[in-house]
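Each remark here refers to the structure printed beneath this line.
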Amino acid sequence: MKCRICDNDLVKFLSLGSMPLANSFLSKDDLSKEEKRFPLETCFCGKCKLVQLSHVVDPKVMFKNYIYVSSTTKTFQLHFKNMAEEITKEFGLDKNSLVVDIGSNDGVLLRPFKESGIKTIGVEPAINVAKIAEENGIETINDFFGSNAVNRIIEKKGYVDVITATNVFAHISDIDDVAENVKKLLKKDGIFVIEIQYLMDTIEKMTFDNIYHEHLYYYTLISLNNFFKKHGMEVFNAKRVDSHGGSLRIFIKRKGDKHEVKATVNELLNYEKRKGVETIELYKNFADKVYSVRDKLVSYIKNIKKQGKKIAAYGAPAKGNTLLNFCNIGTNYLDYIVEDNELKIGLYTPGTHIPVLNSKALDDKMPDYILILAWNFAEEILEKTKRYSEQGVKFIIPLPEPRIV
């Protein structure tokens, strides 16, 4: 196995087994058909320090029809609104500015820019989600971010002040191509802002369910810094943010453009060096802990079932399917999952085939326990479901350590 960035040999440190695609929910008719499974393994490159999956699934299979919609939770809507306001203020954007979002989903980040009078355009490969964005008034190119999309934007709108890529930079196998197309599309002194799930948070908070086939790369600032230097670009600011259980927001410019490199960059690089992100030992220790947490969670759930109790789950995020398949938790343990995203209701989870129902199911078939699979929205979910806890329903938060609230 070779590194997709520098062609160095990779070292495997964690295997979660053979899994279906985390967002490939099934219809009732699909249940009798064979599901495709792919190895889910993480590897470390000792040269460029990038953690990546051993196996790449064809992106057309994963993203052409997609059922993850960013606007489902208020938490995310607020997160992206704040992000847009912060970028607008910090870089003095106005009605003459143009913002492009890569993997723009339903337009959740572009909407607050547009509401401020800033010109926007999204690039989104999923046909169904791009259509939702268009219906929401967000101009969207239904394509992958490549030279075709970039040329269309330049011809139609000109060069760009800000390019954003939130929770998408880990999804694209050929990030070299993305970096070159970003450089081509940006104005002089334009900036590229990416937000990615931060590997240090995954390790420290044990959020290993964030590992699935869509996420090809697991970034540290050190690995990103190495990558952008190779493309004549430079990280000039970096900050940790709360989304997805811990993310990193990074601001990148062309080398030589204005924007002074802030102290935050060296602070984070030094922190990562102290933590040992450049050595395989950190990742091997993490893998040992992952197996230990799995064993604890399975033991918890087995004990609850032994008492004859009913368990349901709340939220059917992609990461939940990593957790369910890795722990082998299916309809043997969970009666159903409730979900707020309309696109998933009436479907079945990949691999484990648990029915996904409307949240009304909690009234019709009230469980004794609810496993919160969308744990990054635990506060929002606990607030929404307060009336069930008042009736004695207990909640299981699976990570970083299984606990009952």
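Numbering starts at 1 and runs along the sequence shown. It should be emphasised that the depicted structure is a prediction, and the values quoted were computed from it without experimental measurement.
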Legend entry - Polar side-chain atom of Glu134 near backbone of Thr140 as donor-acceptor pair, under 3.5 Å: yes
Legend entry - From Ile354 atom CD1 to Thr331 atom OG1, the distance as rounded to the nearest 0.5 Å: 6.5 Å
Inset, instruction - Check Lys183, Arg4, Lys230 against Asp176 for a salt bridge (Lys or Arg N to Asp or Glu O under 4.0 Å) and give me the one that passes. - result: Lys230
Inset, instruction - Tell me whether the centres of the aromatic rings in Phe13 and Phe44 are closer together than 6.0 Å. - result: no
Only distances under 3.5 Å count here; give the side-chain donor-acceptor pairs of residues 396-405 to other protein atoms, sequence neighbours excluded, each with its distance to 0.1 Å.
{"residue": "Glu401", "atom": "OE1", "partner": "Lys296", "partner atom": "NZ", "Å": "3.1"}
{"residue": "Glu401", "atom": "OE2", "partner": "Lys296", "partner atom": "NZ", "Å": "3.3"}

Legend entry - Polar side-chain atom of Asn226 near backbone of Cys48 as donor-acceptor pair, under 3.5 Å: yes
Inset, instruction - Check whether any side-chain N or O of Tyr198 sits under 3.5 Å from a backbone N or O of Leu221 as a donor-acceptor pair, and report yes or no. - result: no
Legend entry - Over 12 non-hydrogen atoms of neighbours within 6.0 angstrom of OH in Tyr291: yes
Inset, instruction - Step through the shown structure and confirm whether more than 12 heavy atoms of other residues, nucleotides or ligands are within 6.0 Å of NZ on Lys273. - result: yes
Legend entry - Lys187 (side chain) donor-acceptor with Val162 (main chain) under 3.5 angstrom: no
Legend entry - Atom pair NZ (Lys184) and OG (Ser147), whose distance is rounded to the nearest 0.5 Å: 6.0 Å
Inset, instruction - Kindly indicate, with the supporting measurements, whether the criterion side chain to side chain contact (heavy atoms under 4.5 Å, CB included) is fulfilled by Val123 and Phe144. - result: CA-CA 7 Å; Val123 182; Phe144 289 96; over 6 Å; no
Legend entry - Under 3.5 Å donor-acceptor, Thr220 side chain and Ser223 backbone: yes
Inset, instruction - Check the side chains of Gln197 and Asn167 for a donor-acceptor pair under 3.5 angstrom, ignoring hydrogens and angles. - result: no
Inset, instruction - Measure from the side-chain N and O atoms of Asp161 to the backbone N and O of Leu98, and report whether any donor-acceptor pair falls under 3.5 Å. - result: yes
Inset, instruction - Run the salt-bridge test on Lys310 and Asp335 with the 4.0 Å N-O cut-off and return the result as yes or no. - result: no
Inset, instruction - Determine whether the aromatic ring centres of Phe228 and His231 lie less than 6.0 Å apart. - result: no
Legend entry - Side-chain donor/acceptor of Glu272 to backbone N/O of Val277, under 3.5 Å: no
Inset, instruction - Give the ring-plane orientation class for Phe236 versus Phe91, where under 30° counts as parallel, over 60° as perpendicular and anything between as tilted. - result: perpendicular
Inset, instruction - Spell out, as yes or no, whether a donor-acceptor pair under 3.5 Å connects the side chain of Ser116 to the backbone of Pro112. - result: yes
Inset, instruction - Using only heavy-atom distances, determine whether the side chains of Thr202 and Asn210 contain a donor-acceptor pair under 3.5 Å. - result: no
Legend entry - Side-chain touch Lys12/Met1, heavy atoms, less than 4.5 angstrom: yes
Legend entry - Salt-bridge contact Glu139-Lys156 (side-chain N to carboxylate O under 4.0 Å): yes
Inset, instruction - Could you tell me the separation between the OG1 atom of Thr120 and the CD1 atom of Ile138, rounded to the nearest 0.5 Å? - result: 5.0 Å
Legend entry - Gap separating the CD1 atom of Ile301 from the CG atom of Leu371, nearest 0.5 angstrom: 5.0 Å
Inset, instruction - For the residue pair Val160 and Val99, establish whether any side-chain heavy-atom pair is separated by less than 4.5 Å. - result: no
Legend entry - Lys49/Glu278 ion pair, N-O < 4.0 Å: no
Inset, instruction - Go through the side-chain N and O atoms of Asp30 and Ser27 and say whether any donor and acceptor fall under 3.5 Å apart. - result: yes
Legend entry - NZ/Lys394: more than 12 non-hydrogen atoms of other groups inside 6.0 Å: no
Inset, instruction - Going by the side chain to side chain donor-acceptor pair (under 3.5 Å) test, name the single residue among Glu85, Gln77, His79 that passes it with Lys81. - result: Glu85
Legend entry - salt_bridge(Lys386, Glu383) N-O dist < 4.0 Å: yes
Inset, instruction - Would you mind checking if Arg249 and Glu90 are paired as a salt bridge, meaning a charged N to carboxylate O distance below 4.0 Å? - result: no
Legend entry - Check: Glu35/His353 side-chain N/O donor and acceptor closer than 3.5 Å: yes
Contacts table for residues 357-367: side-chain donor-acceptor under 3.5 angstrom, sequence neighbours left out:
{"residue": "Asn358", "atom": "OD1", "partner": "Lys360", "partner atom": "N", "Å": "3.0"}
{"residue": "Asp363", "atom": "OD1", "partner": "Arg387", "partner atom": "NH2", "Å": "3.4"}
{"residue": "Asp363", "atom": "OD1", "partner": "Tyr388", "partner atom": "OH", "Å": "2.9"}
{"residue": "Asp363", "atom": "OD2", "partner": "Arg387", "partner atom": "NH2", "Å": "3.2"}
{"residue": "Asp363", "atom": "OD2", "partner": "Tyr388", "partner atom": "OH", "Å": "3.4"}

Legend entry - Atom of Ile132, atom of Asp106 and distance for their closest heavy-atom approach: CG2-CB, 3.9 Å
Legend entry - Donor on one side chain, acceptor on other, Asn321 and Thr349, under 3.5 Å: no
Inset, instruction - Determine, for Lys384 against Asp340, whether the closest basic-nitrogen to carboxylate-oxygen distance falls under 4.0 angstrom. - result: yes
Inset, instruction - Evaluate the ring planes of His213 and Phe38, with Trp represented by its six-membered ring, and classify them as parallel (under 30°), tilted (30 to 60°) or perpendicular (over 60°). - result: perpendicular
Inset, instruction - Verify the ring-centre separation between Phe208 and Phe286: is it less than 6.0 angstrom? - result: no
Inset, instruction - Please report the shortest heavy-atom distance between Ile337 and Ala316, naming the atom on each side. - result: CG2-CB, 4.0 Å
Legend entry - Asn270 side chain vs Asn266 backbone, donor-acceptor pair below 3.5 Å: yes
Legend entry - Under 3.5 Å side-chain donor-acceptor pair for Thr166 and Glu195: no
Inset, instruction - Quick one: closest heavy-atom pair of Leu373 and Ala313, and the distance? - result: CD1-CB, 3.8 Å
Legend entry - Arg152, CZ atom: more than 12 neighbouring heavy atoms under 6.0 Å: no
Inset, instruction - Report the C-alpha separation of His55 and Glu41 in whole Å, then their side-chain angles, then the decisive distance to 0.1 Å, and conclude whether the side chain to side chain contact (heavy atoms under 4.5 Å, CB included) test is met. - result: CA-CA 7 Å; His55 186 86; Glu41 304 163 335; over 6 Å; no
Legend entry - Check: Ser97 side chain, Ile118 main-chain N or O, donor-acceptor pair, under 3.5 Å: no
Inset, instruction - Could you check Tyr219 against Leu199 for side chain to side chain contact (heavy atoms under 4.5 Å, CB included), going step by step and ending with a plain yes or no? - result: CA-CA 6 Å; Tyr219 294 111; Leu199 183 55; 5.9 Å; no
Inset, instruction - Can you establish whether the number of heavy atoms outside Gln391 located under 6.0 Å from its atom CD is more than 12? - result: yes
Legend entry - Over 12 non-hydrogen atoms of neighbours within 6.0 angstrom of CD in Gln307: yes
Legend entry - NZ/Lys302: more than 12 non-hydrogen atoms of other groups inside 6.0 Å: no
